[in-house]
Amino acid sequence: MKTMKKVSLLLAALLVVSVLGGCGSFDASGYIKALLDNSYKGDSAAFVEQKVGDEEQAKELYDLGIDTEMNSLISGVNISEELRGEFKTVLQDVYKSVKYTVGEATKQEDDSYVVEVKYQKMKVFAAAMEKFQEGQQAYTDEISEQVQNGGESPSEDEINEQVYTILKDAIKDALANAEYEDETSTTVRVELQDKVYSPNQEDVEALEYALFDLEEASNIGQ
């Protein structure tokens, strides 16, 4: 299996939505909410209201983020379209389950903003990894016993299909029983460069790590 790489949904957004002009009034808090809601929840309401883009652009951006995450998991692996679709649905459900509240924006002397984001870290991938490893070991033992008894070993495609089904089901089960840590907060800087506002990339990455136990996700397949 491939290692699940941490790919921020919002980083893909920066190329598209950081074209907001620096002139006139700018709602930095609304801007960050628009990015978060569209990237994680698939909710384009704030995205359209803040004039970041239209509904079609919002959907394209959301799909790009999910597809990027999918590719980090199963790129180059031959699995059925049915399983691929099920996997995508599970990932969408995971991202829709994050808990955050976008607070006030504080304008800085250089005309940038600092936006507070309150959140509760969702603990889902640690439990998913544990369940996945158990399922993968049970499947390995099953194949070994089958071969020892004179049976044929499954093909690579059959193994991939079963292993990724185990992974998909492990994440789905962990999500159904996900726990959340106590609420805390972080900040995201919205910087102004050449009359263009965009969120600080390091802050965006830190926020995604704060929302999920992604350190566990990075161990998938290792």
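Note that the coordinates shown come from a computational prediction; the quantities given were computed from them, not determined experimentally.
- You'll find the side chain of Glu86 stays beyond 4.5 Å of the side chain of Tyr164, heavy atoms only.
- Proximity of Gln162 to Pro154: side-chain heavy atoms (C-beta onward) are nowhere separated by under 4.5 Å.
- Proximity of Ile32 to Tyr113: side-chain heavy atoms (C-beta onward) are nowhere separated by under 4.5 Å.
- Across every non-hydrogen atom of Ser44 and Ala58, the tightest pair is CB-CB, 3.5 Å.
- Side chain of Gln108 to backbone of Thr106: a donor-acceptor contact under 3.5 angstrom is found.
- Remark: the backbone N or O of Asp67 is paired with a side-chain donor or acceptor of Asn71 at under 3.5 angstrom.
- A parallel orientation is assigned to the rings of Phe26 and Tyr197, their planes being inclined by less than 30° (bins at 30° and 60°).
- No more than 12 heavy atoms of other residues, nucleotides or ligands shown are found within 6.0 angstrom of CD on Glu55.
- We find the OG1-CG distance between Thr165 and Asn160 to be 10.0 Å, quoted to the nearest 0.5 Å.
- Between the side chains of Asp110 and Ser112, at least one donor-acceptor pair of N or O atoms lies under 3.5 Å.
- Considering only heavy atoms from C-beta on, Thr186 comes within 4.5 Å of Tyr119 through its side chain.
- Judged purely by atom type and a 3.5 angstrom limit, Asp111 has no side-chain atom pairing as donor or acceptor with the backbone of Lys107.
- Contact check for Arg84 versus Lys88: no side-chain heavy atoms found under the 4.5 Å cut-off.
- The number of heavy-atom neighbours closer than 6.0 Å to NZ of Lys59, taken from other residues, nucleotides and ligands shown, is 12 or below.
- Counted by atom type alone, Ser198 and Gln193 present zero donor-acceptor pairs between their side chains at under 3.5 Å.
- Between Ile159 and Ile143, some side-chain heavy-atom pair lies under the 4.5 Å cut-off.
- Atom CG of Leu207 sits about 11.5 Å away from atom CG of Asn200, to the nearest 0.5 Å.
- Once rounded to the nearest 0.5 Å, the distance linking CD of Gln133 with CG of Leu167 reads 10.5 Å.
- Between Asp37 and Lys33 there is a salt bridge, with a side-chain nitrogen of the basic residue lying less than 4.0 Å from a carboxylate oxygen of the acidic one.
- Of all heavy-atom pairs spanning Ala128 and Ala174, the tightest one is N-CB, 3.6 Å.
- Following chains of ILVMFWY side-chain contacts shorter than 4.5 Å, one can reach Tyr209 starting from Tyr95, so the two form part of one hydrophobic cluster.
- Atom OG of Ser80 and atom CD of Glu161 lie 3.5 Å apart (nearest 0.5 Å).
- The minimum heavy-atom distance linking Arg189 with Val114 is given by the pair CG-CG2, 4.2 Å.
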| Test side chain to side chain contact (heavy atoms under 4.5 Å, CB included) applied to Glu181 and Lys123, step by step | CA-CA 8 Å; Glu181 295 183 358; Lys123 299 166 69 175; 3.7 Å; yes
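- More than 12 heavy atoms of other shown residues, nucleotides or ligands fall within 6.0 angstrom of atom CD in Glu183.
- Follow the hydrophobic side-chain contacts under 4.5 Å out from Val102 and you never reach Val48; the two are in separate clusters.
- Side chains of Tyr31 and Val115 form no contact here, defined as non-hydrogen atoms less than 4.5 Å apart.
- Of the inter-residue distances, the one linking Asp182 atom CG with Lys121 atom NZ reads 13.0 Å to the nearest 0.5 angstrom.
- When all heavy atoms are compared, the tightest approach of Asn78 to Asp157 is ND2-OD2, 3.0 Å.
- Between Tyr62 and Asn38, the shortest heavy-atom distance links the atoms CD1-O, 3.0 Å.
- In this structure, the side chain of Gln146 engages the main chain of Glu152 through a donor-acceptor pair within 3.5 Å.
- Counted within 6.0 Å of NZ on Lys172, heavy atoms from surrounding residues, nucleotides or ligands total 12 or fewer; the atom is thus considered open.
- Across all non-hydrogen atoms, the minimal contact from Ala126 to Asp213 is N-OD2, 2.9 Å.
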| After noting the C-alpha distance and the side-chain angles of Gln57 and Val52, does the key distance pass the side chain to side chain contact (heavy atoms under 4.5 Å, CB included) rule? | CA-CA 9 Å; Gln57 291 170 320; Val52 177; over 6 Å; no
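- Inter-residue side-chain proximity for Asp169 and Phe132 is flagged as unmet; no heavy-atom pair is nearer than 4.5 Å.
- A donor-acceptor contact shorter than 3.5 Å is absent between the side chain of Glu208 and the backbone of Glu205.
- From Lys118, atom NZ reaches atom OG1 of Thr184 across 10.0 Å, with rounding to the nearest 0.5 Å.
- A salt bridge does not link Asp43 with Lys96: every distance from a Lys NZ or Arg NE/NH1/NH2 to an Asp or Glu carboxylate oxygen is 4.0 Å or more.
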